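Read the structure below first, then the notes.
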Amino acid sequence: GEGQASLSGSMTLAGLKPRTVDYLWQSTNFLALKRAGSRGVATSQISLSGTWPRLQVDGQVTIPEAQFNFSLFQAASNPEIRVIKPQKASPVQTPAHKESEDSALWKNLLIKLNIKLPGNVWVREKDLKAELTGDIRVIKIPPRPLFLAGKIRALQGSIILKRKVFNVE
């Protein structure tokens with residue numbers, strides 16, 4: 001593979017369940033994505049710490065080079081993407097107090113993650129080619145849902161609409 005990545009840290013258990021977590025993921029020019037014509041390299045430092053189920057993800061990811069095709073995000077071409085269709089609620093509802101550990105973990109999870117795109121990040125499709133730059137913040141403050149904030153802009157490229165080429169400058 002390309003680049004380097006390491007995971008270090010510790011976890012204490014209470015029986016078979018986690019009690020405290022303290023991990024650090026670090027990577028340098030790590031090939032994090034290579035699938036469906038897409039490729040992405042990342043340099044990162046991300047920590048996961050806290051007392052179960054109140055954990056915190058904190059850190060920064062820089063993507064110094066990447067190329068994405070929209071087919072990467074299509075469920076039909078990627079078996080790892082599953083489209084879950086809503087189902088009608090069953091007549092038997094689980095009591096509100098019987099929250100699963102997974103949902104308690106997500107509900108209590110604090111996320112503060114910065115993603116930087118310094119350039120050389122390309123979206124390439126038949127009628128679209130664009131180099132992107134930007135800063136994105138991934139934020140989740142319990143019990144609120146996850147949200148993204150920031151800017152992504154095109155540095156250069158082109159788009160074809162009705163057989164006419166428009167350049168992005």
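Position 1 is the first residue of the sequence, and the numbers go up from there. Since the structure is predicted, the reported quantities are computational estimates derived from the model, not experimental observations.
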Looking only at heavy atoms, which two atoms of [X] and [Y] are closest? And how far apart?
{"X": "Val121", "Y": "Ile63", "value": "CG2-O, 3.5 Å"}
{"X": "Pro53", "Y": "Asn108", "value": "O-CB, 3.4 Å"}
{"X": "Leu132", "Y": "Ala154", "value": "CD2-CA, 4.1 Å"}
{"X": "Gln67", "Y": "Gly37", "value": "NE2-O, 3.9 Å"}

Would a single hydrophobic cluster contain both [Y] and [X], if residues Ile, Leu, Val, Met, Phe, Trp and Tyr are joined by side-chain heavy-atom contacts under 4.5 Å?
{"X": "Ile152", "Y": "Phe68", "value": "yes"}
{"X": "Phe147", "Y": "Trp106", "value": "no"}
{"X": "Trp122", "Y": "Val165", "value": "no"}
{"X": "Val57", "Y": "Leu24", "value": "no"}
{"X": "Ile141", "Y": "Leu113", "value": "no"}

Just by distance, do the side chain of Ser27 and the backbone of Gln4 share a donor-acceptor pair under 3.5 Å? no
Answer yes or no: is there a donor N or O on one side and an acceptor on the other, between the side chain of Asp58 and the main chain of Ser47, under 3.5 Å? no
Sequence neighbours excluded, every pair satisfying side-chain hydrogen bond (donor to acceptor under 3.5 Å, both in side chains) that has a member inside residues 132-158: Asn114-Arg137, Lys116-Asp135, Glu131-Gln156
When rounded to the nearest 0.5 angstrom, what is the spacing between [atom1] in [X] and [atom2] in [Y]?
{"X": "Asp127", "Y": "Ile160", "atom1": "CG", "atom2": "CD1", "value": "5.0 Å"}
{"X": "Ile111", "Y": "Gln56", "atom1": "CD1", "atom2": "CD", "value": "10.0 Å"}
{"X": "Phe166", "Y": "Ile159", "atom1": "CZ", "atom2": "CD1", "value": "9.0 Å"}
{"X": "Asp22", "Y": "Ser10", "atom1": "CG", "atom2": "OG", "value": "5.0 Å"}
{"X": "Ser6", "Y": "Gln45", "atom1": "OG", "atom2": "CD", "value": "9.0 Å"}

Would you check if [X] and [Y] make a side-chain contact, meaning some heavy-atom pair closer than 4.5 Å?
{"X": "Val138", "Y": "Leu146", "value": "yes"}
{"X": "Leu33", "Y": "Arg35", "value": "yes"}
{"X": "Val21", "Y": "Tyr23", "value": "yes"}
{"X": "Val61", "Y": "Ile46", "value": "yes"}

Can Lys129 and Val123 be said to form a side chain to side chain contact (heavy atoms under 4.5 Å, CB included), step by step? CA-CA 6 Å; Lys129 292 175 182 62; Val123 175; over 6 Å; no
For Val41, enumerate each residue passing the side chain to side chain contact (heavy atoms under 4.5 Å, CB included) test, keeping only those at least two apart in sequence or located in another chain.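 Counting only residues at least two positions away or on another chain, Val41 forms a side chain to side chain contact (heavy atoms under 4.5 Å, CB included) with Asn29, Leu31, Arg39, Pro64, Glu65.
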Begin from the C-alpha positions of Trp52 and Thr20 and carry the test side chain to side chain donor-acceptor pair (under 3.5 Å) through to its verdict. CA-CA 6 Å; Trp52 193 272; Thr20 61; over 6 Å; no
